[in-house]
There are 2 protein chains.
Amino acid sequence: MVTLRHLAEQLNVSVSTVSKALSNSEEISKDTIERVKALADELNYQPNRVALSLKNNETRTIGVIVPNILNRFFAKSLFGIEQAAAEMGYSIITCMSNELFDKECDSISLLSNGSVDGFIVAVSEETLVNKKSQHLQQLIDKKIPLVMFDRNLNDITCDKVVIDDYKTTFDLANMFINQGRECIAFMSTIDDLNVGILRSTGYEQAISAHGQQTPIKLSIKKGLDYQEQIKEFLQEYPKIDVIIAADNISGTTAVNVASSLNYKIPKNLSIIGFADEVVSNLSVPKLSYINQNAVNIGSSALRLIVEKLKNKHLEKPHLKIKIPVDIVHKGTT
Amino acid sequence: MVTLRHLAEQLNVSVSTVSKALSNSEEISKDTIERVKALADELNYQPNRVALSLKNNETRTIGVIVPNILNRFFAKSLFGIEQAAAEMGYSIITCMSNELFDKECDSISLLSNGSVDGFIVAVSEETLVNKKSQHLQQLIDKKIPLVMFDRNLNDITCDKVVIDDYKTTFDLANMFINQGRECIAFMSTIDDLNVGILRSTGYEQAISAHGQQTPIKLSIKKGLDYQEQIKEFLQEYPKIDVIIAADNISGTTAVNVASSLNYKIPKNLSIIGFADEVVSNLSVPKLSYINQNAVNIGSSALRLIVEKLKNKHLEKPHLKIKIPVDIVHKGTT
DNA sequence: GTGAAAGCGCTAACAA
DNA sequence: TTGTTAGCGCTTTCAC
């Protein structure tokens with residue numbers, strides 16, 4: 001690695017002269033600046049980032065902790081985070097909790113020793129279900145900036161980026177009611193998560209408020225065959241004419257299962273899920289979907305934390321940003 | 001942030017005493033060690049990682065550059081990398097090239113200034129197609145360890161982790177030939193990538209060697225509707241009784257399109273794709289698949305680079321690790 | 001216009 | 001047993 005000292009020695013000047021020359025200091029003669037820059041270019045000098053971090057007490061790196069990158073929503077969020085980070089000259093260190101509280105704690109403590117300037121976190125299922133928050137509270141106590149997204153804890157006071165899960169399914173159910181649909185069902189693989197509960201409640205309250213229908217819900221179990229569970233559900237409630245799927249897998253699966261059972265979609269059965277363009281294309285007909293704009297969620301979270309870092313002296317109030325969702329009608333509504 | 005100096009001042013000892021005490025040095029009295037550790041615990045002291053990095057000239061961080069994390073294969077690879085890294089006490093800084101050469105270069109130069117100890121890279125489509133390799137050659141010249149996986153360049157001499165793409169489709173085609181299938185087709189969305197070409201060639205040579213059939217290939221175009229393209233292909237070649245899909249989207253799509261056209265799967269039409277359990281479950285019947293063991297590829301790459309870092313003084317020959325694939329028969333074969 | 005020195009937080013050789 | 005010092009690579013204040 002080429003250092004300032006290498007340059008200084010070769011040019012017979014001092015390290016500080018080289019440093020100043022490279023930053024175009026007025027103190028240094030034009031001639032020296034040129035000589036220094038020429039050699040720096042030639043040797044492909046790059047200032048050591050670690051030394052700069054130590055000196056400036058900032059790493060320009062953000063720690064990102066997500067539960068599971070195989071979940072397309074988190075993959076997209078991470079994509080948004082990285083993209084925004086690259087634009088702003090930041091790097092991201094990514095850790096995956098695998099939905100485990102302990103791994104989440106380990107990751108946070110591994111990084112909260114100066115490795116990163118702040119954190120973006122979506123907590124694990126375990127953390128959420130057991131409402132554990134000490135590890136995040138510790139960050140706040142240490143005054144390390146924190147932004148939570150999607151999976152957030154009410155106990156923790158920090159900036160948050162979310163979608164309005166409740167309102168989304170509430171509106172959706174009402175939309176179908178207004179279309180004259182008579183048996184609107186709901187299915188979910190994420191019944192234990194706050195976002196899952198909010199989506200479920202939104203659906204339920206819309207149906208109940210209407211008064212003519214009762215909520216019909218399938219809570220899909222993780223270990224078992226999804227297709228079988230959906231098939232049995234459809235057979236148990238043959239009157240179902242709408243399915244609202246709360247996650248990004250069951251919607252597509254439902255379309256394909258229902259098709260194989262010769263349902264006419266969307267004539268006799270409408271299906272909508274939380275998904276995106278790519279997932280939508282995996283079913284015939286193509287799944288209509290709620291686009292959560294995960295990329296946007298991620299980039300908003302990143303910009304928010306960089307904002308906080310730049311104004312660390314100010315004690316700004318904490319924001320809760322709600323990213324709007326899009327309803328995209330394809331072949332199943 | 002609590003530093004050694006804080007501890008030292010509070011305890012009226014020197015910084016070096018504190019440092020030694022915390023590392024259980026024999027030089028320090030039991031009593032002092034206890035007092036130091038007690039205070040360190042109380043104040044939740046954590047050694048500053050940046051300072052350690054500067055001192056030791058190693059960051060215990062690996063730079064990971066992938067083309068596109070929304071591709072499930074890379075998401076899984078990244079998962080494997082992170083998991084192995086966490087086990088070995090390493091962090092990863094992730095950059096996404098979005099299949100662009102320039103972004104890839106930027107990421108590499110952003111990180112090759114001491115930010116990371118080494119790189120794990122799967123190059124972008126652009127890099128691959130244009131065979132650009134200067135940016136990677138620069139790493140090698142600087143003696144920064146590099147491991148490439150999946151998308152690798154022949155020009156670059158470094159450690160590599162891959163699967164045997166050619167042999168996989170070659171064997172697959174022969175399997176179907178031996179089953180008596182008479183019209184084996186191939187489809188791909190990745191015809192421009194080396195892995196795509198290898199898979200295509202494997203298929204083609206197996207078919208040609210057999211002599212009774214001619215290769216039938218569909219090169220799926222990115223901008224256009226996948227389902228339409230597959231539908232037209234099936235209608236153009238109604239005799240097709242096997243589809244080998246080279247990527248992780250077209251297999252599932254093909255099953256669902258063929259089902260909607262009333263093909264009897266797998267009786268009259270077998271389909272197999274490069275996919276995994278989760279993707280397989282998205283079609284009815286469930287897609288049979290080649291599991292590339294992406295997680296394993298990722299963790300192998302990580303372990304390989306850590307190995308290199310630990311033996312940086314040794315000039316070991318470069319390895320090319322071939323990760324075996326699994327064929328998983330589900331409902332479409 | 002240039003250089004010496006201090007300091008970011010840490011470790012380790014050396015001194016006391 | 002404890003402390004002093006130097007140094008990792010950099011910036012910046014202060015001398016010259």
Side-chain angles (χ1 to χ4, degrees), chain A residues 1-37 39-40 43-61 89 110-117 142 144 312, chain B residues 1-37 39-40 43-61 89 110-117 142 144 312:
Chain A
M1 181 133 213
V2 182
T3 69
L4 288 185
R5 218 172 61 163
H6 291 305
L7 302 183
E9 280 170 4
Q10 285 212 32
L11 293 167
N12 273 319
V13 293
S14 76
V15 169
S16 56
T17 301
V18 176
S19 171
K20 288 170 186 168
L22 287 174
S23 56
N24 293 313
S25 165
E26 308 240 313
E27 296 177 17
I28 307 295
S29 73
K30 265 204 163 168
D31 177 59
T32 311
I33 291 189
E34 267 176 29
R35 282 171 54 226
V36 169
K37 287 198 168 174
L39 185 63
L43 300 183
N44 195 12
Y45 167 79
Q46 285 185 293
N48 182 314
R49 179 112 164 255
V50 176
L52 281 176
S53 295
L54 184 60
K55 180 78 185 160
N56 302 332
N57 198 24
E58 70 160 15
T59 57
R60 290 192 164 262
T61 303
L110 178 71
L111 297 182
S112 60
N113 54 8
S115 299
V116 300
D117 296 340
K142 281 193 187 175
I144 302 179
K312 223 181 162 180
Chain B
M1 188 136 204
V2 183
T3 69
L4 288 185
R5 219 172 59 163
H6 291 304
L7 302 183
E9 280 169 5
Q10 285 212 31
L11 293 167
N12 274 317
V13 294
S14 76
V15 169
S16 60
T17 302
V18 176
S19 171
K20 288 172 187 165
L22 286 173
S23 55
N24 292 312
S25 164
E26 308 237 316
E27 296 176 15
I28 307 296
S29 72
K30 264 201 165 169
D31 177 60
T32 311
I33 292 188
E34 268 176 30
R35 283 170 54 226
V36 168
K37 287 198 168 174
L39 186 64
L43 300 184
N44 196 11
Y45 167 78
Q46 284 186 297
N48 182 314
R49 180 111 163 255
V50 175
L52 281 176
S53 295
L54 183 60
K55 178 79 184 161
N56 301 331
N57 197 23
E58 69 160 15
T59 57
R60 289 192 163 264
T61 303
L110 179 71
L111 297 182
S112 60
N113 55 7
S115 299
V116 300
D117 297 342
K142 281 192 185 175
I144 301 179
K312 222 179 161 180

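Throughout, a chain's letter reflects where its sequence line sits, starting with A, and its residues are numbered from 1. Just so you know, these numbers use all the heavy atoms, side chains as well, and skip hydrogens, waters and symmetry mates.
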TODO: Would you kindly give the CG-to-P distance between A/Asn48 and D/dT11, to the nearest whole Å?
DONE: 10 Å

Open item on the list: Whether B/Thr17 contacts D/dG3 is assessed here as follows: a side-chain N or O lying under 4.0 Å from the phosphate OP1 or OP2. Is that the case?
Closed with: yes

Task: A/Lys55-A/Asn48 side chain donor-acceptor pair, cut-off 3.5 Å - done: no

Open item on the list: Distance check needed: D/dG9 P versus A/Met1 CE, whole Å only.
Closed with: 9 Å

Task: Check: A/Asn113 side chain, A/Leu110 main-chain N or O, donor-acceptor pair, under 3.5 Å - done: yes

Open item on the list: What residues from residues 26-37 of chain A pass a heavy-atom cutoff of under 4.0 Å to DNA chain C?
Closed with: A/Glu26, A/Glu27, A/Ile28, A/Ser29, A/Thr32

Task: Short side-chain donor-acceptor distance under 3.5 Å, B/Ser29 and B/Asp31 - done: no

- [ ] Can you tell me the distance, in whole Å, between the OH atom of B/Tyr45 and the C1' atom of C/dT11?
- [x] 10 Å

Open item on the list: Once you apply a heavy-atom cut-off of 4.0 Å, does A/Thr3 come out as touching a base, just sugar-phosphate, or nothing?
Closed with: sugar-phosphate

Task: Length of the CG-C1' vector between B/Leu7 and C/dG9, whole Å - done: 12 Å

Task: Pairwise side-chain contact, A/Ser112 with A/Ile144, heavy-atom cut-off 4.5 Å (strictly under) - done: yes

TODO: Round to a whole Å and report the spacing from CG of A/Asn24 to P of D/dT11.
DONE: 13 Å

Open item on the list: Can you identify which nucleotide, out of D/dG3, D/dC14, D/dT11, has its nearest atom closest to the B/Lys20 side chain?
Closed with: D/dG3

- [ ] May I ask you to check whether A/Ser16 and A/Ser19 show a side-chain donor-acceptor distance below 3.5 Å?
- [x] no

Open item on the list: What I'd like to find out is whether the side chain of A/Val50 reaches to under 4.5 Å of the side chain of A/Ser53, using heavy atoms alone.
Closed with: no

- [ ] Please examine the side chains of B/Met1 and B/His6, heavy atoms only from C-beta on, and report whether any two atoms are closer than 4.5 Å.
- [x] no

Task: Non-hydrogen side-chain atoms of A/Thr17 and A/Thr32 separated by less than 4.5 Å - done: yes

TODO: Please list residues of residues 50-58 of chain A whose heavy atoms come under 4.0 Å from any atom in DNA chain D, ordered by number; otherwise none.
DONE: A/Ala51, A/Leu52, A/Lys55

- [ ] Would you mind reading off the distance between B/Leu22 atom CG and C/dC10 atom C1', rounded to a whole angstrom?
- [x] 11 Å

TODO: Go through the N and O atoms of the side chain of A/Ser14 and the base of C/dA4, and report whether any donor-acceptor pair is under 3.5 Å.
DONE: no

Open item on the list: I want to check something: taking the side chain as every heavy atom from C-beta on, are A/Glu9 and A/Val15 in contact at a cut-off of under 4.5 Å?
Closed with: no

Open item on the list: Go nucleotide by nucleotide along DNA chain C from the 5' end; which of B/Pro47 and A/Asn12 gets its closest nucleotide reached first?
Closed with: A/Asn12

Task: Side-chain donor/acceptor of B/Ser16 to base of D/dT4, under 3.5 Å - done: yes

Open item on the list: Without decimals, in angstroms, what is the distance between B/His6 NE2 and C/dC10 P?
Closed with: 9 Å

TODO: Select from B/Leu4 and A/Ser25 the residue whose nearest nucleotide in DNA chain C is closer to the 5' end of that strand.
DONE: A/Ser25

- [ ] Between D/dG3, D/dC8, C/dC10, spot the one nearest the side chain of B/Val13, thanks.
- [x] D/dG3

Task: Steps toward side-chain contact (heavy atoms from CB on, under 4.5 Å) verdict (A/Leu22, A/Leu4) - done: CA-CA 10 Å; A/Leu22 287 174; A/Leu4 288 185; 3.8 Å; yes

Open item on the list: Using five pairs at each end of the helix from C/dG1-D/dC16 to C/dA16-D/dT1 to define an axis, what is the angle between those two axes, to 10°?
Closed with: 60°

Open item on the list: Any non-hydrogen side-chain atom of B/Gln10 less than 4.5 Å from a side-chain atom of B/Leu39?
Closed with: yes

TODO: Determine the sole option in A/Val36, A/Val18, A/Leu7 for which the side chain to side chain contact (heavy atoms under 4.5 Å, CB included) test with A/Tyr45 is passed.
DONE: A/Leu7

